[in-house]
Number of protein chains: 2
Amino acid sequence: MMPIRHNTIDTKPEDVPDLPSEKAQLDWVDKVILQSLIRDARLPRAELARRVGMSPPAVGERLRRLEETGVILGYHAQINPARLGFGLTIMIRAQPDTGQMADMIAAIEATPQIVRCERISDKNSLVAWAHVRSVAEMEQLTDRLMPHGKVDVSIVQSTPVEPRPLPLEKD
Amino acid sequence: MMPIRHNTIDTKPEDVPDLPSEKAQLDWVDKVILQSLIRDARLPRAELARRVGMSPPAVGERLRRLEETGVILGYHAQINPARLGFGLTIMIRAQPDTGQMADMIAAIEATPQIVRCERISDKNSLVAWAHVRSVAEMEQLTDRLMPHGKVDVSIVQSTPVEPRPLPLEKD
DNA sequence: AGTGAAAGATTTCAGGC
DNA sequence: GCCTGAAATCTTTCACT
């Protein structure tokens, strides 16, 4: 199982070194680089260098540090599931039975159509998103989760706000 | 307001040209290119060319077509919100009052902390995700949505499955 | 659709401040 | 931490199949 990334800042004593959940000190240059790569991850370093008025090697060094300190987690192509034959997107709300949380998460992880899953505070449940090819595939998928708890499925009708970048303060 | 992308294959007569929701026919080469760029969007064309045993111009041409036909929607750097000071991730479940759907969507769109939103079939409601700096900011955010309907907030505790690629059949 | 070659741009690396 | 400059690599264009 993959390590689970937590979504809040964990409290910690002052003397331990940087944790990935710590707030990073970013200057204006870092923020321009980040915003640019959030919008277009394939931008050349040379272009980033022009935007911030620095040399390409300097930008390369900044990038390396942003990646190593966990500010940048990766670069991903965003694809259109419908164009790959996955015509149906669903949201799954799963409430594991007592003692079934780990098994439910394992089952979710083992289901390749599920492309992300978050654990939320409300009723200690999980919310997962999946792309499937048909209603039959949707049914098959939920059948695999149901042994571990209550499972609810909703159809995603549209995406009023596509994944978009966080606002970064000017500085 | 941005055009809304629908998440299902729309039915259409056979004679109209390609729609973005149509299934594209991809060969093995396209799939290797896609999988590679989903994992690392910054891979050079030359490297992709080596992986598929083709020349760089051929890969460039493939890429151009995948982008133009809407199979690839974009390339984005994935960042760690906690490291940018947004220590709290929340899920918002919004059920617009009668006649308030458009206004609710507009309010969601106008809220920069909300990084994505999907409309689901269950109770005709919206599910949105936001990164905020504090509980106070969370409250402020929900106050802006509440005039348009019922609003429910849950805290995201962890992410058992990080955004990951869809499985592409071997061919 | 794809190739190969040439011109132009980018990345990497060394050395210096 | 950033710069320059040279060498290696990558991208783009184009003539050709």
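All values below come from the heavy atoms of this structure, side chains included, with hydrogens, waters and symmetry mates left out. Every chain is numbered from 1 and lettered A, B, ... according to where its sequence line falls, protein lines coming before strand lines.
Remark on DNA chain D: of its neighbouring residues Arg42(A) and Val59(A), the 5'-side contact belongs to Val59(A), judged by nearest-heavy-atom nucleotide. When each of Leu43(A) and Arg62(B) is assigned the nucleotide of DNA chain C with its nearest heavy atom, Arg62(B) is the one assigned upstream, toward the 5' end. Toward the 5' end of DNA chain D, the nearer of the two residues Arg65(A) and Ala46(B), judged by each one's closest nucleotide, is Arg65(A).
Counting only heavy atoms from C-beta on, Met54(A) has its side chain closest to dC3(D) among dC3(D), dT3(C), dT11(C). Nearest nucleotide to the side chain of Pro57(B), out of dG5(D), dA5(C), dT11(C): dA5(C).
The structure places CZ of Arg42(B) at 8.5 Å from CZ of Arg42(A), a figure rounded to the nearest 0.5 Å.
Here Arg50(B) reaches the OP1 or OP2 of dC10(D): one of its side-chain N or O atoms lies under 4.0 Å away. At dT9(D), none of the side-chain N or O atoms of Arg45(B) fall inside 4.0 Å of OP1 or OP2 (strictly under the cut-off).
What separates CG of Leu63(B) from P of dT12(D) is a distance of 10 Å, to the nearest Å. Distance, Trp28(B) CH2 to dG2(C) P: 12 Å, rounded to whole Å.
Taking a 6.0 Å sphere around CD of Glu139(B), one finds it holds 12 or fewer heavy atoms contributed by other residues, nucleotides or ligands.
Side-chain contact between Leu84(A) and Leu34(B) is present, with at least one heavy-atom pair separated by less than 4.5 Å.
Of the residues Met101(A), Gln95(A), Glu118(A), the one that meets the side-chain contact (heavy atoms from CB on, under 4.5 Å) test with Leu126(A) is Met101(A).
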